[in-house]
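Here is how names work: the chains are called A, B, and so on, in the same order as the sequence lines, proteins then strands, and each is numbered from 1. Since the structure is predicted, the reported quantities are computational estimates derived from the model, not experimental observations.
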2 protein chains.
Amino acid sequence: MSTKALRKEEEDNLLRRADDLCRQNNLRLTPIRERVYRELVQSGGPVGAYDLVDRLSSEKKRLAPVTIYRALDFLRDAGLVHRLATQNSYVISHGQPDVNAMKIMFVDSKTGETIEVHSTEVAEAVKKAAEQAGFKSVSPFMEVEGEIAQ
Amino acid sequence: MSTKALRKEEEDNLLRRADDLCRQNNLRLTPIRERVYRELVQSGGPVGAYDLVDRLSSEKKRLAPVTIYRALDFLRDAGLVHRLATQNSYVISHGQPDVNAMKIMFVDSKTGETIEVHSTEVAEAVKKAAEQAGFKSVSPFMEVEGEIAQ
DNA sequence: ATATGATACGTTAAAACATATCATATGCAG
DNA sequence: CTGCATATGATATGTTTTAACGTATCATAT
Ligand SMILES: [Zn+2]
Ligand SMILES: [Zn+2]
Ligand SMILES: [Zn+2]
Ligand SMILES: [Zn+2]
C-alpha cells in the first residue's frame, strides 16, 4: 500500500472524526467550514489565512478573508484546529483530547514544518512552574520553535 | 524603603546590565534603542510596537513605526527583549541567561500581564518531547497562556 | 583631502494579517 | 408559513510588520 493511500485514509478518518464531533455537539460543519478543514488536513501542515483564501477561491468566486477567518474561528472553538501564533498560521489538531497532556507544537524555524507531541511530563512541569508564577490554570497548548534533525 | 524606590533600583540595574552586555559584545546601544528598552523596563510588562511609537514620540517629533521595529529587532537579537507572539507585544527579558533553563512567559489571558519563570525541569521535559518529535534543538523560550490566581 | 565601508536612522510605501459593518440567504422551531 | 437565529456575501477598514531607497555619521584606507 502506497504512502499516498495511507495518507488518504488518514485524511478520511480526520474528516469523519470532525463530522462526528460536530454532530455530537450540535455544531454545524457547513460546506465552507469543511472545505477549510479539509484543506488544512490535506496540506499536512500549518497554512496562513490568506493562503487558505487563495486555495479555496476559484476563478469565478473569490472568498473574502473574513469568510476564512470565520471558518477558522469555528474550527478552533470546536477544538479541531490550532492557531500558531509564532507563524500566523493554522494547523489541524490531531490526537484525541488527552486531557492531562500538554499539546506541544514543535515548529521548525526554517521550514515552518510542525510536529505535535502530547506530553504529560511537560504538562506537570509547566503546571509546577505556573504555580510558582501565581497562575492557577494554563492552556494545554504550547508552541516551541526549534530545528528538525536533518 | 518604598516599593517605588525598589523598582527604580531594579530599573537602573537592568539598564546597566543592558549597557554592559552591549559593550561586551560590541553592540551599540544607541539612544533610540536605549529609550525603547527603558520604556519596556518602566512599563513593567508587555507593550505593543505602536504603543511604543506613541510613548516615545513628542509633539514635535513623531517616530516612524519602522524605527521602533528596528530597535526591537536589535534588542531581541541581543537577548534583551522577547516578542510575545500571542499578544503582538514586546517585553524585557530579565534574569541572567540561565542556559539550561526554559524561560517561560506566562501570559494572563485576560489582562495580558506576564510573569517569567525559568525552569530546568520544563526544559528537560520539553527536550525529551522534542527528541520524540525528531527535533534536535529547541528555543529556550516559551509562552503559555493561563489565568492568574485572583 | 578624498574615497570607501559599515552602521544607524529617516521617509515612504506596501505587504501581511485580522476585524467591523451591514445586507442577504438559509436553516429551523413554533 | 412565519419569525428568529445563524451563516455567508460584500465591502471597507484597522492593525502589525517589512521592503525599498535615501541620508547621516563615523571610522578607516588611499
Ligand atoms: Zn470563537
Ligand atoms: Zn492537538
Ligand atoms: Zn534581527
Ligand atoms: Zn527571559
[N] OP1/OP2 closer than 4.0 Å to side-chain N/O of [X]:
X	N	answer
B:Asn88	D:dT17	yes
A:Tyr69	C:dA18	yes
A:Arg28	D:dT6	no
B:Lys61	C:dC9	no
A:Arg70	D:dG9	no
B:Thr30	C:dT7	no
A:Thr67	D:dG9	yes
B:Arg83	D:dT17	yes

*If you take atom types as modelled and just measure distance, does the side chain of A:Arg62 reach the base of D:dG9 with a donor-acceptor pair under 3.5 Å?*
no
_A:Glu116 and A:Lys103, any side-chain heavy atoms less than 4.5 Å apart_ = yes
*Should A:Val36 and A:Val81 count as side-chain neighbours, where that means a heavy-atom distance under 4.5 Å?*
no
*Between B:Gln87 and B:Val66, which is nearer to the 5' end of DNA chain D once each is assigned its nearest nucleotide?*
B:Gln87
*asked:* Wobble G-U and Watson-Crick pairs count when both distances are under 3.5 Å; given that, what is the 5' to 3' dot-bracket string of DNA chain D, with | for pairing to other strands?
replied: ||||||||||||||||||||||||||||||
*asked:* Under 4.0 Å, heavy atoms only, any strand: does A:Tyr90 hit a base, just the sugar-phosphate, or nothing?
replied: sugar-phosphate
*Look at all strands and tell whether B:Tyr50 reaches a base, only sugar-phosphate, or nothing, counting heavy atoms closer than 4.0 Å.*
base
*asked:* Can you identify which nucleotide, out of C:dT11, D:dT17, C:dA18, has its nearest atom closest to the A:Ala49 side chain?
replied: C:dA18
*In terms of the angle between their ring planes, are B:Phe135 and A:Phe106 parallel, tilted or perpendicular, with boundaries placed at 30° and 60°?*
tilted
